[in-house]
Structures are given as C-alpha cells and as structure tokens.
Amino acid sequence: MTIDNDDANTPAPTDSQGTDAAAEVSRGWFHIGAIIVDATLQRRQNYNETVKPRVEALVADWPDAATTSGFRQHLDTGKLSEVIDWPSPGRLAQIEDITQVFEREGIETVAELRGTLEDHIQGAALREALALVRHVSPKTLDYIGTLSGISTGAAADRAAGVEDLT
C-alpha cells in the first residue's frame, strides 16, 4: 500500500554515525560568537528548537561579534543571557571559557579558526587548550571544526591521525 507523499516521510540520509548528513553539512557560521554559542548549547539539546533560534538571535543582535574581539566586547556587557535567552550560568561560563581560549590562541576570525584547526601542530595545541574547558569533549572539538567549515570526514580523519596525501 502506498500513501500520497511517501517521499516526504522518508528519513534523511545519514552518515556512518547515524546522524543526519544533510543537517551537518548545513551547519556552519561565519561568526565566531555563533560558533562558540552553538558548540556550547548543543550538548543534550534539540538543535532546531533550542540551539539554532538562539544562535540566530545572537547573529542578528550582535553582527559585529563575528570576530573574537567583537564577541568579547559584547560579552563584557553582561547581556549574553538576555540575547540568547539562556539563564543557566554553567553554559554561560563555558562560553566565556571558550572565548578566552580563542583569545589566548590569537584566533580572531572563523577563517583563522579553520586554518588553525587544519594545521596539524596548531590544531593539536588548540584542541588541547579547548579540551581543558569543562564539558568540551572530543565530539565538541570536532563539532567546532564542522561549524567553522571543515568537512566532517576531514575532522574525523584528523582526529584519527590520518593525513590527506592528495
């Protein structure tokens, strides 16, 4: 038996980890603040209902937070919890901690973040520094790479120590 609109009920294609491949490809920001907030809020949350609207609000309200220094200026106002409608101090502290790592490592733009993560030595140092932040797991580190525009396969290869020889 067939039902009209059967194609609309077909599950989205998945990758080898069972995640929605189409959704992963579409995730990415050209805004440092958005990457930090997305990576922080995504843990145990529904992305489309909880995370994405808050990140979009951040980008709309703080367009000049596309750089780490711009994001820092806004963080220092103490208004982040209002902008993203997030009262939990734990996640807000994590956002602050990740921002501090980016500042220490000299990462100002998304292009610099992506370049650092793609560089074997600098990427390892950044991953090590970020891993010291509470609740930043290897999965979160890979997700930050995905949000910065690194393909999921490339991030997984790097994490496994596989180099691209092409």
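- Heavy-atom neighbours of L132 CG from other residues, nucleotides or ligands within 6.0 Å: above the threshold of 12.
- For the pair L126/L141, no side-chain contact is recorded, criterion being any heavy-atom separation below 4.5 Å from C-beta on.
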Can T40 and H135 be said to form a side chain to side chain contact (heavy atoms under 4.5 Å, CB included), step by step?
-> CA-CA 8 Å; T40 301; H135 298 298; over 6 Å; no
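- For residues 101-110, every residue pair satisfying the side-chain hydrogen bond (donor to acceptor under 3.5 Å, both in side chains) rule, not counting sequence neighbours, is listed here: T67-E108, S69-E108, R72-E103.
- Counting only heavy atoms from C-beta outward, the side chains of I150 and E118 approach each other to under 4.5 Å.
- With a 4.5 Å cut-off on side-chain heavy atoms, L80 and E96 do not count as touching.
- Listed by first and then second residue, the salt bridge (charged side-chain N to carboxylate O under 4.0 Å, His left out) pairs that reach into residues 80-94 are R54-D85, sequence neighbours excluded.
- Listed by first then second residue, pairs satisfying salt bridge (charged side-chain N to carboxylate O under 4.0 Å, His left out) with a partner in residues 39-51 number zero, not counting sequence neighbours.
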Before giving the answer on side chain to side chain donor-acceptor pair (under 3.5 Å), spell out for D64 and H74 the whole-Å C-alpha distance, their side-chain angles and the decisive distance to 0.1 Å.
-> CA-CA 9 Å; D64 55 334; H74 284 287; 2.8 Å; yes
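- V101 is not listed as a side-chain neighbour of T99, based on a closest heavy-atom distance of 4.5 Å or more.
- Between I36 and W29 there is no side-chain heavy-atom pair separated by less than 4.5 Å.
- Counted within 6.0 Å of CD on E128, heavy atoms from surrounding residues, nucleotides or ligands total 12 or fewer; the atom is thus considered open.
- A salt bridge is defined here as a Lys NZ or Arg NE, NH1 or NH2 lying under 4.0 Å from an Asp or Glu carboxylate O, and R114 with D119 fails to meet this definition.
- Inter-residue side-chain proximity for L41 and T50 is flagged as unmet; no heavy-atom pair is nearer than 4.5 Å.
- Considering only heavy atoms from C-beta on, Y47 comes within 4.5 Å of D38 through its side chain.
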